[in-house]
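Residues take their numbers from the sequence shown, with the count starting at 1. Atoms within each ligand, like the ligands themselves, are counted from 1 in listed order.
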Amino acid sequence: MRVLVSGGAGYIGSHTVLKLIASGHDVVVVDDFSNSKPTVVGRLESLSGTHVPVHSFDLTDVDKTERLFAHEQIDAVVHFAGLKAVGESVTKPIEYYRNNIDSTLSLLAAMQRHGVHRLVFSSSATVYGENAPVPYSEDYEHLSSSSPYGQTKVMIERIMTDVAAASDGLRVALLRYFNPVGAHPSGQIGEDPQGIPNNLMPFIAQVAVGRREKLTVFGDDYPTADGTCERDYLHVEDLAAGHVAALEHLDDMVTPVRAFNLGTGTGTSVLAMLKAFERAVGRELPYEVGPRRAGDLAAFWADPSRANDELGWRAVKTIDDMCADTWRWQSANPQGFPDA
Ligand code: UFG
């Protein structure tokens, strides 16, 4: 298939581009580089040995999106592009709703006009909200999220469901990610957050490489084994493989729109993650315990059985793999991707 990857220069997008090419697909990337560096593209080309065509614009631009579909022969879309910082979305809700919703509508309209009816969407476990029983199951129906970012994921899932119901043949896989971490085993591509990292793994990695003084653990008085929050971390390579599996399964899905949890099914605490990273680096890393972060849930993980059974997909990499690969990337690229 010739696959349009929106946000293909980003963290999960770039790893998925490589997996798609390795599986024999042609890839076209659209990315506005608002939260990624153009230099990632050269690395994708050298790792894959393939030219990766890139269209650099913001998908909220309806005319440019239309022109892209008019000029490129597209068989399927994997839609990653969007704003994704939970905390920032609380202070800039208009920006988040406008960007994430408008870009999706623009994409869906162009797909409809050009008869493209295969879509894989980058959703999140955040759609399960605060009250879903753990492990999270796709059958849970009361989707909601406490942040505007998360609400855009809930809304986009709904929009895609409604558009598919009204369409002639649109098939959509909604992939609900748990906590993606790790990097390509080459150490050439990885997560490169701009500014202070919001997420645990890139923060630990920047402490290890000397860019940050110490990790602050956000609360150790949760009702968990060691008092710190537990999450279902999965390797970005496994996650990327999940996109290829979902794409190739679209035509066989039991319903035209289907949600799939992509996680391991196991929770790991903040302190256990720090210890695993220390093993990868080979030394202790400085940390302090601070107050809880607003909005954090104590513990959640996936029931991944639907993706296991229906997509034939399973997360196979361990926490130690995730830390070793993150460290290889971070130590080889202390400042992330170069500007040019
Ligand atoms: N944490 C720290 N210190 C830090 C950063 C994080 O202790 O400096 C802790 C958090 O409190 C949390 C855990 O590490 O307990 C994981 O935090 P992340 O920010 O890495 O991940 P979250 O589970 O909070 O967020 C992820 C995704 C979001 C998604 C959310 C809910 O990044 O996109 O899961 O599904 F919305």
Would R292 and Y222 count as a cation-pi pair here, with the cationic atom under 6.0 angstrom from the ring centre and within 45° of the axis?
yes

[X] side chain to [Y] side chain, donor-acceptor N/O pair below 3.5 angstrom:
X: Y128; Y: N261; value: yes
X: E248; Y: H25; value: yes
X: D325; Y: H235; value: yes
X: D232; Y: T264; value: yes
X: S34; Y: D32; value: yes

Mind telling me whether F260 and H249 have parallel, tilted or perpendicular rings, with 30° and 60° as the class edges?
perpendicular

Distance from [atom] to nearest protein heavy atom, with residue and atom:
atom: atom 5 (C) of ligand 1; result: F218 CE1, 3.5 Å
atom: atom 21 (O) of ligand 1; result: N179 ND2, 3.1 Å
atom: atom 27 (C) of ligand 1; result: N199 ND2, 4.3 Å
atom: atom 16 (C) of ligand 1; result: Y233 OH, 3.5 Å
atom: atom 30 (C) of ligand 1; result: T126 CB, 4.4 Å
atom: atom 15 (O) of ligand 1; result: C229 CB, 2.9 Å
atom: atom 23 (O) of ligand 1; result: R231 NE, 2.7 Å
atom: atom 9 (C) of ligand 1; result: V270 CG2, 3.7 Å

Give the atoms of ligand 1, by number and element, whose distance to some non-hydrogen atom of [X] is under 4.0 Å.
X: V86; result: 36 (F)
X: N198; result: 5 (C), 19 (O)
X: V217; result: 7 (O)
X: S124; result: 29 (C), 35 (O), 36 (F)
X: A125; result: 35 (O)

Sub-4.0 Å heavy-atom approach of G150 to ligand 1
no

Would Y128 count as a contact residue for ligand 1, given that I'm defining contact as a non-hydrogen atom of the residue lying under 4.0 Å from a ligand atom?
no

Indicate, with yes or no, if the rings of Y136 and F300 have centres closer together than 6.0 Å.
yes

For residues W329 and F337, establish whether the separation of their ring centroids is below 6.0 Å.
yes

D238: which of K317, K19, M322 passes side-chain contact (heavy atoms from CB on, under 4.5 Å)
K317

Given L44, which partner from the list V54, T50, I189 fulfils the side-chain contact (heavy atoms from CB on, under 4.5 Å) test?
I189

Please state which part of [X] comes within less than 4.0 Å of ligand 1, counting heavy atoms only: side chain, backbone, both or neither.
X: Y149; result: side chain
X: T216; result: backbone
X: L200; result: both

So is there a nitrogen or oxygen of F203 less than 3.5 Å from a nitrogen or oxygen in ligand 1?
no

Residues in side chain to side chain donor-acceptor pair (under 3.5 Å) contact with Y177, at least two apart in sequence or another chain:
S122, H243

